[in-house]
Amino acid sequence: MTAPFHPGPRPGPPPGGPRPGPPPGVRPAPVEEVGEVRHPAVDAAVHAMINAEALSPADQIAQYEAAYETLRETLASIDQA
């Protein structure tokens with residue numbers, strides 16, 4: 001009778017260890033700079049979410065839902081243009 005097979009340790013970094021990056025000397029492509037393009041409705045929604053931090057959790061939910069709806073409508077209007 002033979003003993004059950006038990007594989008040895010796997011080669012390579014341990015699970016959850018650092019992930020390999022690009023080879024040394026290789027730089028990622030630069031991010032294209034875009035000018036300051038602002039939309040008042042989007043700015044207002046972002047500020048509402050920032051200000052919601054000081055509210056109670058129930059009031060935060062209402063603020064986040066309102067901001068989400070504003071962003072959704074704004075994006076829909078941009079797609080239709």
Side-chain angles (χ1 to χ4, degrees):
M1 184 184 295
T2 61
F5 175 73
H6 294 287
R10 293 183 177 186
R19 294 183 179 200
V26 174
R27 292 179 160 214
V31 176
E32 182 180 335
E33 292 294 325
V34 179
E36 279 287 316
V37 178
R38 314 281 273 170
H39 192 286
V42 172
D43 288 342
V46 169
H47 287 294
M49 289 188 291
I50 292 169
N51 293 336
E53 181 180 6
L55 301 174
S56 69
D59 293 332
Q60 284 180 356
I61 291 170
Q63 281 285 9
Y64 294 144
E65 288 176 344
Y68 167 77
E69 190 62 30
T70 299
L71 294 172
R72 190 184 67 72
E73 289 173 1
T74 303
L75 289 173
S77 70
I78 291 170
D79 284 343
Q80 293 173 358

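- Scanning both residues, Gln60 and Ala52, for their nearest heavy atoms gives CG-O, 3.0 Å.
- Between Ala45 and Ala67 the shortest heavy-atom distance is O-CB, 3.8 Å.
- A single hydrophobic cluster is not seen to contain both Ile50 and Tyr68; linkage of ILVMFWY side chains at heavy-atom distances under 4.5 Å, directly or through other members, places them apart.
- The line from CG of Leu55 to CD1 of Ile61 is 11.5 Å long, rounded to the nearest 0.5 Å.
- Distance check, rounded to the nearest 0.5 Å: CD of Glu73 to OG1 of Thr70 gives 6.0 Å.
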